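Remember, predicted model here, so these are calculated numbers, not experimental data. Counting starts at 1 for both ligands and their atoms, in listed order. Residue numbers start at 1 and run along the sequence shown.
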Amino acid sequence: MESALDPHTALALLQWQVELGVTETILDAPLDRYALPETAPRPPAQAAADPRRPAMPAPPPKAPEVDPAQEAVRAARAVGSLDALRTALAEFEHCELKRGARNLVFADGVPGARVMIIGEAPGRDEDREGRPFVGRAGQLLDRMLAAIGLSRSESVYITNVLPWRPPQNRDPLPVEIGMMKPFLERHVALAKPEVLVLMGNISCETVLGRRGITRLRGQWTQAMGLPVLPMFHPAYLLRQPQMKRQAWADLLELQAKLRES
Ligand code: URA
């Protein structure tokens, strides 16, 4: 094909392209872009339908996106007994923690007891046994309860904010707490305790929407329609035994409340 440009101009244009960074030519024959039609071809979707071509099948409809928090609300509302709640939790597939856990840790103690204790989340021992507060912290909890004449075999019901162990016992994430809260609310409503005891910051954050256990502990407050007493978590007391004095004062508060009514 003959060039319409004189050799000097053609060379100058080539040098200019090299300066711009062009390192290779793509086509064997040069393409005169000035001779191309001005309008670009329309994308296939907009091109006029060709009656000779078979119509493209429509893409399959997308599965509606599920909001796990909404699903939790729906599943929790749907149950009318503690057994049904346990089953609903066992069948709930939207919390990633479930995949890393060995067991669902639902509750222990006496359903319908006057006192319901809410801990944080299962640790290794609880995950293995499928029961809350069975490790060292749980044994301390049992001794604390016994000191005021309570026990999980007779007078206390125990659960956690999360029913599955977080990996490496890390703190529960806000999204996990938010997802599991509807189940916890339903748990409390079905167990019908007279008072709630919140062990540590995570349960205070979940139930009261506030952290700061050092300030909150020992002060009765109201949540989920019930009197609520925040206390130091037994695992914290194992690390800070000097705080057991305050925990003892809080246990006496609990005892006094139960004697009042
Ligand atoms: N800590 C908790 O908060 N819950 C348990 O079940 C065990 C340890």
| query | For the residue pair His187 and Tyr157, does the interplanar ring angle fall in the parallel (under 30°), tilted (30 to 60°) or perpendicular (over 60°) class? | reply | perpendicular

Report, one line per pair, each donor and acceptor closer than 3.5 Å where one atom sits in a side chain of residues 141-149; sequence neighbours left out.
from, atom 1, to, atom 2, distance (Å)
Asp142, OD1, Arg152, NE, 3.0
Asp142, OD1, Arg152, NH2, 3.2
Asp142, OD2, Arg152, NH2, 3.4

| request: Assess whether side-chain contact (heavy atoms from CB on, under 4.5 Å) is satisfied between Val161 and Val207, documenting all intermediate values. | output: CA-CA 9 Å; Val161 170; Val207 175; 5.7 Å; no

| Under-4.0 Å salt bridge between Glu93 and Arg99 | yes

| query | Under 30°, 30 to 60°, or over 60°: which ring-plane class applies to His94 and Phe92, parallel, tilted or perpendicular? | reply | perpendicular

| Near ligand 1, which residues have a heavy atom under 4.0 Å away from one of its atoms? | Gly119, Glu120, Ala121, Glu126, Pro132, Phe133, Asn160, His233

| Counting distance only, does the side-chain N/O of Glu126 pair as donor-acceptor with the main-chain N or O of Gly123 below 3.5 Å? | yes

